[in-house]
Structure formats: structure tokens, C-alpha cells
Undergrad: 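Would you mind keeping the following structure in view while I ask a few things?
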Protein chains: 2
Amino acid sequence: MIPEKTIERLSKYRRYLLEKLEKQEEYLYSHELAAALHLTPEQVRRDIMLIGYTGTQRKGYSIKELIDVISKILDGDKKINAVIIGMGHLGKAISNYFSIKRSNIEIVAAFDIDSNKVDRIISGIKSYHVDNLDLIINETDAKIAILTLSPAGAQDITDQLVYAGIKGILNFTSITLRVPEDVYIENYDMITSLEKVAYFVKESIDNEGTL
Amino acid sequence: MIPEKTIERLSKYRRYLLEKLEKQEEYLYSHELAAALHLTPEQVRRDIMLIGYTGTQRKGYSIKELIDVISKILDGDKKINAVIIGMGHLGKAISNYFSIKRSNIEIVAAFDIDSNKVDRIISGIKSYHVDNLDLIINETDAKIAILTLSPAGAQDITDQLVYAGIKGILNFTSITLRVPEDVYIENYDMITSLEKVAYFVKESIDNEGTL
DNA sequence: AAATAATTGTTATTACAATAACATTGTTTT
DNA sequence: AAAACAATGTTATTGTAATAACAATTATTT
Ligand SMILES: NC(=O)c1ccc[n+]([C@@H]2O[C@H](COP(=O)([O-])OP(=O)(O)OC[C@H]3O[C@@H](n4cnc5c(N)ncnc54)[C@H](O)[C@@H]3O)[C@@H](O)[C@H]2O)c1
Ligand SMILES: NC(=O)c1ccc[n+]([C@@H]2O[C@H](COP(=O)([O-])OP(=O)(O)OC[C@H]3O[C@@H](n4cnc5c(N)ncnc54)[C@H](O)[C@@H]3O)[C@@H](O)[C@H]2O)c1
């Protein structure tokens, strides 16, 4: 019901607002938020309207209240657990990163097929052999999986994850996964991102002076 | 002129087509490509139309020719060089990844501020101290930068990159960067992606049975 | 206390992207 | 050689997201 793009921006708004809150600030205007995130003030106001929060005119939005409203929408009322599959280069980087950050989402376990990488604690996250996938996911009631394993095994593991009750996947493997309708997939494809940057760079170089 | 979303898909089409080519296949239909990437055949045909390629009816598209047309658009005629800034966890993972992959984009240098991480070759990429940023970027004629450094230094380094002639940035730091109009920025924000997945998972769980 | 200025909230418009419809054409079959 | 078929190419439609316009409102100023 709330547009996907708005959800993305809400996440970014919240992070910016939390910074402001730390600096003891109380109110902010739509144009401040817009300027900070390279958006238009209209866009910001529209998003805030969509989530049903209202500021006070001439004074702006209460930072604290706005954070609360956004959090209610993004987080709901209970925490959500996630697991990482594949503790290679990328998997370790992500584990390390999220072990620092605190949020409503907690990474509760990691998995790998390589016996050298399991039964250890890496960046504060316990790592298990994939054979225990179903068991641990049920025990921890994890609902999200972050896929950073080799592409070859990705579809097979995905099927197991779905069977175990995972409802959302953040997929870093470059392959396209098949999942049932009720499982939400967010694909992140680094090659595509890089090729896209390269394309627009090329275009901008080609068009130099053509304005 | 070609829509951004089409550029993204072209990158994915090409990767799929290259796989097919390796298997010695010669032709494919729009519906095959669509099924493989979870798109509609109409979307695929439209994209192909936009880039001015035409297949043959009843026979489909020539895989080889289509790859060539896409490559002409995405790659242009010369290679493009990239650098990585920040050889921490994520920087290393990416360097390692792209040292394997072959494409039109080559990562020619890496930079860090930590003296323990410089003047070495990491995953086949030579790593320099950031003090040499301008020099090396000019020497290598790099046009793209991948930012995987700590957020604190990101805006400062970005200014230096722009000054040195960088025209495209793939930004993994979670902060929003200021750049001139002619510099293309692609932001990738892992927290936002994960929070988005969490939101839609929550929604789907809440709406269970409400269909 | 009235006027002013600045900001919000909402509706209207425009732009962009995806989907659908269908006419066209090359291939195959009989 | 003619007819049927199955795919493409293109136009039309719908849907979604972003932008713009403006009315409503509340602090501030005089
Ligand atoms: N590193 C990057 O920057 C990068 C960028 C884009 C995409 N990717 C993708 O992310 C994935 C991981 O990349 P990486 O660089 O970390 O690779 P990596 O080889 O360092 O790590 C892969 C890990 O997955 C494990 N694994 C393999 N099969 C498994 C299975 N069936 N179950 C559980 N674990 C399994 C391996 O043991 C290994 O530890 C790959 O699919 C890659 O294409 C990585
Ligand atoms: N690791 C992840 O999965 C992940 C996910 C999302 C975002 N990020 C972002 O990516 C960036 C890197 O993450 P990480 O986990 O690799 O962190 P990290 O601390 O492992 O690495 C950061 C590296 O940047 C270097 N650095 C710091 N300041 C620098 C400067 N001015 N010039 C050059 N190098 C500098 C540091 O020496 C270090 O090697 C951070 O901004 C982080 O927010 C990381």
C-alpha cells in the first residue's frame, strides 16, 4: 500500500533523523531533509503524508515523532531475525558490518558448506554447516536470508530456505532465483550497477560540449 | 536516451546470452529470456526494439548478434578503468571478485589511508596510499571509482576524485555525496535494502490468510 | 490584534515505465 | 504454392512515481 520507493526513502529518512536526534535537535523542515538526501521537498512531504504523520506548519516536523512513526512502519512491533548463507569474502564483510550496526534486524546465524568455515564465531556471528539449515532457522525463527554463497549452489539452498520458512531474501549472487509468490526477493547485482555507471560515464564523456 | 531501467536489463540480458553462447546455442526467443529473468516477453522485445536490433520472426534473436549490439551500447569502443577506495572488508571482497570476472571495465588500482594496507598487491590489484590518488588516477586515466572506505572520509575523498577527473562513482558508504552535475553516482545502500526486505516480510506475515 | 511570512498538506499534472494488444512477417507444413 | 502458425515489431493503454501548484495554517512581526 505504501509504495516501494517510499519505503526505501523512509529507511534513509530515519537514518538521517537519528543523526539529528543525537545532536539534540528537535524539529526539521522538509527542505532540510530533501537537501540532505538530494530529493525535492515535495517528495519528502508526500512521503510523510503517505505514512499519515503531520508536522506543524511554520515549525516543521518533530524529529522524535517522525522517527517513531517511520519505525512503526518499517519495524512493526517485533524484531526480525536473519541468517547469512556463505561465509566467503562478501559474507564475512557483511557479517562484520552488521555486527556493529544495531537495528530491528538481527543476524542470528551464518552457514557455509566448507568445514573450515563452520562451528566458529566470525565477527560475533555463530557459523554452522549448511546441513543444519532447517534446524537452526526453525530454532531462531529467522525470516530473512542474505545470500552470499557461490552461484552454483544458490537455487538449491534457496529451495531449502523457503521450505524452512524464510520469507525474504537479499540475494547477492548474480543468478536469478525462483521462489514462491509469497517470498520477497531483493536482488543486488554488482556487475549491473558497475556496468550502468560505466554506461553513463561513457555517455557523459561522449556528449562533452554537446550541450 | 535509452531508459535507465533498460540499461540495467541489457546488462543482465548480456550475461544470460553469454552463457547460452558458451553452450553453442545460436538463437533464442523473447519468452525464453523473459522467463529466465522474471520479465515479460513484451518487456524484452521492447528493450530490444529500443536498441535498434531486430530478430527474425519465427526464429528469434541471434544470440551472437544481440550480444554484439548490447556490447556496443554498454561498452562503447574503448575499455574503461576503475579504482577502489578503501581496502577494508568490503573493498577486499570486491577486488577479489572483479579480479576474476573479465569485462570491459578493469580495476587498475586500489587506495587506502592505512599504511598497513598499501604498497601491496591484494587480489591482483596494486594498492596505494590515498596521497597518490590524483597521480595514479591521471596515469591510469581511470574514470570510475568504487567507494568502500569509512563514511567519515567519503565526502573529502569524493571531492579529490572529482578533481582528478573521475566521472562515475559506485558508492557503498551509507552517506549521501555531493558531486557536480556531470558526475554520475550510483548509491548502494545495504541497510536500506535489508530494511526493505524486512518491511515486505513483515507485511506478508501480517497479511497471511487475508487473501 | 492584524498582517505577514513561511511552511505544511493535498490535489493536479506531468513524466516515466510496464503491460497489453495487435498487425506484420518469416517459417513451416501440407 | 497456399495456408497456417508462431514469433517479432510497434502502437496504445494502463499503472506508478515524481513534480508542480496552491490552498490551509500557524508562528512571527509590527
Ligand atoms: N565479493 C563480491 O564483491 C561480490 C560481488 C558481487 C557478487 N558476488 C557474489 O556473491 C557470492 C559470494 O562472493 P564471494 O566473493 O564472497 O565468494 P567466495 O568464494 O569468497 O565465498 C563463497 C562462499 O560460499 C560458500 N559456499 C559455496 N557453496 C555453498 C553452499 N551450497 N552452501 C553454503 N555455502 C556455500 C563457500 O564455501 C564460500 O565460503 C557469489 O555468488 C558472487 O557471485 C560477490
Ligand atoms: N561491509 C559491508 O558489508 C558494508 C555494507 C554496507 C556498507 N558498507 C560501507 O562500506 C564502507 C566500508 O565497509 P567495510 O566493512 O569494508 O569497513 P572497513 O572498516 O573494513 O574498511 C574501511 C577501509 O577504509 C579505509 N579508509 C578509511 N578512511 C580512508 C580514507 N580517507 N581514504 C582511504 N581509505 C580510507 C580504512 O583504512 C579501511 O581499510 C563503509 O563506509 C561502510 O559503511 C559496508
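By convention in this document, chain letters (A, B, ...) are assigned in the order of the sequence lines, proteins followed by strands, and residues within each chain are numbered from 1.
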Undergrad: How many whole angstroms separate atom OH of B/Tyr29 from atom P of D/dC5?
TA: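 Rounded to whole Å, this separation is 16 Å.
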Undergrad: Going by ring pair (Phe, Tyr, Trp, His ring centres under 6.0 Å), name the residues that satisfy it together with A/Tyr184, two or more places apart in sequence or in a different chain.
TA: B/Phe200
Undergrad: B/Tyr53 has an atom OH; how far is it from atom C1' of D/dG9, in whole Å?
TA: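 Distance, rounded to whole Å: 13 Å.
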Undergrad: Whether the side chain of B/Asn96 engages the backbone of B/Ser123 through a donor-acceptor N/O pair (distance < 3.5 Å, no angle test) should be reported.
TA: no
Undergrad: Please check if the side chain of A/Asn138 supplies one atom and the backbone of A/Ala142 the other of a donor-acceptor pair under 3.5 Å.
TA: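 No; zero donor-acceptor contacts below 3.5 Å.
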Undergrad: What N/O pairs connect the protein and nucleotides 27-30 of chain D at under 3.5 Å? Give each pair on its own line.
TA:
| residue | atom | partner | partner atom | Å |
| --- | --- | --- | --- | --- |
| D/dA27 | N3 | A/Arg58 | NH1 | 2.9 |

Undergrad: Which two nucleotides bound the region of DNA chain C that has atoms under 4.0 Å from heavy atoms of chain B, read 5' to 3'?
TA: C/dA17 to C/dT27
Undergrad: Got B/Lys196 and A/Glu4 here, is their nearest side-chain heavy-atom distance under 4.5 Å?
TA: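 SC-SC contact between B/Lys196 and A/Glu4 confirmed.
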Undergrad: Could you tell me how far apart B/Leu50 (CG) and D/dT10 (P) are, to the nearest whole angstrom?
TA: 10 Å
Undergrad: Mind calculating the distance between OH (B/Tyr27) and C1' (D/dT8) to the nearest angstrom?
TA: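 Taking atom C1' of D/dT8 as the reference, OH of B/Tyr27 is at 14 Å.
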Undergrad: Holding to ring pair (Phe, Tyr, Trp, His ring centres under 6.0 Å), I want the full list of residues that pass it with A/Tyr29, two or more places apart in sequence or in another chain.
TA: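 A/His31.
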Undergrad: Name all residues meeting the side-chain contact (heavy atoms from CB on, under 4.5 Å) criterion together with B/Gln155; count only those two or more places apart in sequence or in a different chain, and write none if there are none.
TA: B/Thr158, B/Asp159, B/Leu177, B/Arg178
Undergrad: Heavy-atom contacts under 4.0 Å between residues 66-74 of chain A and DNA chain C, which residues?
TA: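 None, since no heavy atom is under 4.0 Å.
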Undergrad: Please determine if B/Arg14 and A/Glu195 form a salt bridge, counting it only when a charged side-chain N lies under 4.0 Å from a carboxylate O.
TA: yes
Undergrad: Could you state the atom-to-atom distance from OH of A/Tyr61 to C1' of D/dT26 in whole Å?
TA: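 So the two atoms are 14 Å apart, to the nearest Å.
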Undergrad: Which atoms of nucleotides 16-18 of chain D (N or O only) lie under 3.5 Å from a protein N or O atom, and what are those distances?
TA:
| residue | atom | partner | partner atom | Å |
| --- | --- | --- | --- | --- |
| D/dA18 | OP1 | A/Arg9 | NH1 | 3.3 |
| D/dA18 | OP2 | A/Arg9 | NH1 | 3.1 |
| D/dA18 | OP2 | A/Arg9 | NH2 | 3.1 |

Undergrad: Without swapping roles, check the side chain of A/Ser150 against the backbone of A/Ala152 for a donor-acceptor pair under 3.5 Å.
TA: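 No, because the side chain of A/Ser150 does not come within donor-acceptor range (under 3.5 Å) of the backbone of A/Ala152.
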Undergrad: Could I get the full list of side-chain hydrogen bond (donor to acceptor under 3.5 Å, both in side chains) partners for B/Asn81, not counting sequence neighbours?
TA: none
Undergrad: Mind checking what makes side-chain contact (heavy atoms from CB on, under 4.5 Å) contact with A/Asp68, not counting sequence neighbours?
TA: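 Applying side-chain contact (heavy atoms from CB on, under 4.5 Å) to A/Asp68 gives A/Lys64.
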Undergrad: Taking ring pair (Phe, Tyr, Trp, His ring centres under 6.0 Å) as the definition, give me every residue that meets it alongside B/His38, ordered by chain and number, with sequence neighbours left out.
TA: none
Undergrad: Please enumerate all residues that pass ring pair (Phe, Tyr, Trp, His ring centres under 6.0 Å) together with B/Phe111, with sequence neighbours excluded.
TA: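 Partners of B/Phe111 under the ring pair (Phe, Tyr, Trp, His ring centres under 6.0 Å) test: B/Tyr128.
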Undergrad: Among all residues two or more places apart in sequence or in another chain, which pass the side-chain contact (heavy atoms from CB on, under 4.5 Å) test with A/Asp182?
TA: A/Lys167, A/Pro180
